[in-house]
Amino acid sequence: GSVNPATVRPHCHCHCHWCHMSKHLTRDLEHLQRNILAMAGAVEESVYRSTQALLTRDAALAREVIAGDAAIDARENEVQEDCLKILALH
């Protein structure tokens, strides 16, 4: 496997291409992870609220859940774009 210079030399201050790319990859992966966790949290809340709407036959709550789906879809698109960017750049 490949060696991650950030783990071999965590305090490396050189300006080599390898370390520079590793820093950018780490930053991009951390951003991706934050977006995935935010999306997962939104989905978890949506599933909970939709279950509550179904169990209580609350049509207004169901409509709220449906209205919030666009934000989750947008986050999913952002995650997919981040993945494509990471694949293209690294």
Partner residues of [X] under the side-chain contact (heavy atoms from CB on, under 4.5 Å) criterion, sequence neighbours left out:
{"X": "Ile86", "result": "Leu25, Asp28, Leu29, Leu32, His90"}
{"X": "Glu78", "result": "His31, Asn35, Asp82"}
{"X": "Ser46", "result": "Val65, Ile72"}
{"X": "Gln80", "result": "Glu76, Asn77"}

I need the full list of side chain to side chain donor-acceptor pair (under 3.5 Å) pairs touching residues 54-63, with sequence neighbours left out, sorted by first then second residue.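 Listed once each, the pairs would be none.
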
How far apart are the closest heavy atoms of Ala53 and Ala62, and which atoms are they?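 Result for this residue pair: CB-N, 3.6 Å.
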
Any chance you could lay out the side chain to side chain contact (heavy atoms under 4.5 Å, CB included) test for His24 and Leu89, step after step, and finish with the verdict? CA-CA 9 Å; His24 287 284; Leu89 295 176; over 6 Å; no

When clusters are formed by joining ILVMFWY residues with side-chain heavy atoms under 4.5 Å apart, either directly or through shared neighbours, do Ile66 and Val47 land in the same one?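 No: no chain of side-chain contacts under 4.5 Å links Ile66 to Val47.
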
Non-neighbouring partners of Glu64 that pass salt bridge (Lys or Arg N to Asp or Glu O under 4.0 Å), sequence neighbours left out: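 Salt bridge (Lys or Arg N to Asp or Glu O under 4.0 Å) check on Glu64 returns Arg49.
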
